[in-house]
Amino acid sequence: MSFSELGLSPKVLAAVEASGYTAPTPIQAAAIPHVLARRDVLGIAQTGTGKTASFTLPMLTRLESGRARARMPRTLILEPTRELAAQVEENFTRYGQNHKLNMALLIGGVSFGDQDAKLTRGVDVLIATPGRLLDHFERGRLLLTGIEILVIDEADRMLDMGFIPDIERICKLIPPARQTLFFSATMPPEIQRLTEQFLRDPERIEVARPNTSSANITQLLVRASDDASEKRDALRRALRSQENFKNAIVFCNRKRDIGVVHKSLEKHGFNVAALHGDMDQRARMAALDRFKTGDVELLVASDVAARGLDIPDVSHVVNYDVPIHAEDYVHRIGRTGRAGKNGVSLTLVAPSDGKNLGAIEQLTGSKIAWQGDALEEDEMAAAGGRRGRARSGRRSEQPAKAERPAKAAKPAVREEKPSEARPKSRRPDKVAEQAAPKSRDTAPAAPYARNGEPAPREANEGRVVGLGDHVPAFLLKPVRLKRA
DNA sequence: AAAAAAG
């Protein structure tokens, strides 16, 4: 199979060839002809499968006819994070080198005016995160009525991040005559519903599932302590003990730990950059760039970097913390072992991580080996980990071999029970919005009560309120620092 | 127990 058989235009083929690619990946081979034929596509695939080029290449061919008008973009690509949006823009730049295309990247954290100026000039390709796109729309700076192709990428992650209402709204703003390309790594019921609502007779294309594509990643566990200082020490030893080490992304569960780990590694002589969502956008871009170019060998990051980021040559992924959600583990380690290369993932496991580790091993359907000394089950249990047995009832009563029949366990989790494993979005915003006013109605007596404690009302009793020496009760409450 | 995205 070669790219030339797929129906792409000569300009696009020349750019692909110039990039050094000869054969399409399975999703590219399957999707490109349908996109060119103006069919809706439902692609079940994660990044790393060549998913991005499966829509950018045929879109470029399609865009060769026609021209953009001011404020009326011709195509729209929605991405869940700013970095992914920027990455898609790079992809269009690379393969669109022979085209005279106008592009705009509408993401938060950067100047509004530059984006607006581009919209005024007219754009062929609009790449956006939902929030900033709607911001432009609400200010009346953008018309979505001219969109010919709509791409919704990483839909399941949009769901995790609470973007589904935004996505629904945007879909309704675009005329139904459009072509829709919809990509998701998994198909939970909410996503399924969305595809039924917004896709017309889609061509369904499914490629290798995320947790089966990690054959070229060597996964290892590393014994660590719950003590932060000892854990950083374990991290340094793990990093220094690696053979064939080029660079690594070090994932932390919490943003505040990223700063600490970053400083600590720097102090011990490592070349490090940090990346998380509270950094300003320029610093985020700069950190990613320094890592990509090899200026730094370590990137200490939050899960903002876990999914989809395509950095071709990452030799190691280190989980400084065991991820709280098992599927994040699969995404994190997928940052290494890309483009046919081999990769290594190291996961530091402290006693309290036992429970999360169990969920990961259940999802991937295999036990992960320890590098060096193992952390024993009873050590994890003593720290409150490995509580999974209370739910499953299997662990203590049955022999180890029968515990986890790998072939049976995987489909059960991946296919049959996604809704039961996590029934609702992790950000049930609507529920919270509806619940809040009710609780106000039922508890009007203590307006400044927090966390169930009554406000110190005695401070105001028998006084004239609002004048002279009156001080509102909430100002008299001692300030509590956040540290637990 | 977190993080992400509009300020």
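To find a chain, count down the sequence lines: A is the first, B the second, and so on, and within it residues start at 1. Computed from a predicted model, the values in this text were never measured in an experiment.
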*Roughly, in whole Å, what's the span from CD1 in Ile170(A) to P in dA6(B)?*
10 Å
*Of the candidate nucleotides dA1(B), dA6(B), dA4(B), which contains the atom at the shortest distance from the side chain of Thr81(A)?*
dA4(B)
*Taking only residues two or more places apart in sequence, or in another chain, which ones meet Arg132(A) in a salt bridge (Lys or Arg N to Asp or Glu O under 4.0 Å)?*
none
*Does a donor on one side chain sit under 3.5 Å from an acceptor on the other, for Gln192(A) and Glu196(A)?*
yes
*Just say parallel, tilted or perpendicular for the rings of His136(A) and Phe112(A), cut-offs at 30° and 60°.*
parallel
*asked:* If I take atom CD1 in residue Ile249(A) and atom P in nucleotide dA3(B), what distance separates them, rounded to the nearest angstrom?
replied: 17 Å
*Take atom CZ of Phe163(A) and atom C1' of dA3(B), then tell me their distance rounded to the nearest Å.*
11 Å
*Would you mind telling me which of dA2(B), dA4(B), dA6(B) lies closest to the side-chain atoms of Thr129(A)?*
dA6(B)
_Quiz item: His276(A) side-chain donor-acceptor pair to dA4(B) base, under 3.5 Å_ = no
*Could you tell me whether Pro80(A) contacts a base, only the sugar-phosphate backbone, or nothing, with contacts defined as non-hydrogen atoms closer than 4.0 Å?*
sugar-phosphate
*When you get a sec, tell me which of dA4(B), dA6(B), dA2(B) is the closest nucleotide to the side chain of Arg82(A)?*
dA6(B)
*Looking at every strand, decide which applies to Arg157(A) at a 4.0 Å heavy-atom threshold: base, sugar-phosphate, or nothing.*
nothing
*asked:* If I take atom CG in residue Asn319(A) and atom P in nucleotide dA3(B), what distance separates them, rounded to the nearest angstrom?
replied: 15 Å
*Below 4.0 angstrom from OP1 or OP2 of dA4(B), is there any side-chain N or O of Lys255(A)?*
yes
*Contact class for Asn253(A) vs. all strands (heavy atom < 4.0 Å): base, sugar-phosphate, or nothing?*
sugar-phosphate
_I want to verify a distance call: between dG7(B), dA4(B), dA1(B), whose nearest atom is closest to the Asn356(A) side chain?_
dA1(B)
*With heavy atoms under 4.0 Å as the rule, sort Arg139(A) into base, sugar-phosphate or nothing.*
nothing
*Using a strict cut-off of less than 4.0 Å between a Lys/Arg side-chain nitrogen and an Asp/Glu carboxylate oxygen, indicate whether Glu138(A) and Arg169(A) qualify as a salt bridge.*
yes
*asked:* Please tell me if Ser302(A) has a side-chain N or O lying less than 4.0 Å from either OP1 or OP2 of dA4(B).
replied: yes
_It should be established whether Arg132(A) places a side-chain nitrogen or oxygen under 4.0 Å from OP1 or OP2 of nucleotide dG7(B)._
yes
_For Asp114(A), side chain to side chain contact (heavy atoms under 4.5 Å, CB included) partners two or more places apart_ = Ser111(A)
*Asp278(A) CG to dA4(B) C1': how many Å, rounded?*
10 Å
*Round to a whole Å and report the spacing from CG of Leu134(A) to P of dA6(B).*
10 Å
*Could you check how far CG of Leu357(A) sits from C1' of dA1(B), rounded to whole Å?*
16 Å
*Of the nucleotides dA4(B), dA2(B), dA6(B), which one has an atom closest to the side chain of Glu138(A)?*
dA6(B)
*asked:* Given dA4(B), dA1(B), dA6(B), identify the nucleotide with an atom nearest to the side chain of Ile324(A).
replied: dA1(B)
*asked:* We want to know whether Asn319(A) and Arg332(A) form a side-chain donor-acceptor pair, criterion being a heavy-atom distance below 3.5 angstrom.
replied: yes
*Whole angstrom is fine here: how far is it from CG in Asp257(A) over to C1' in dA2(B)?*
10 Å
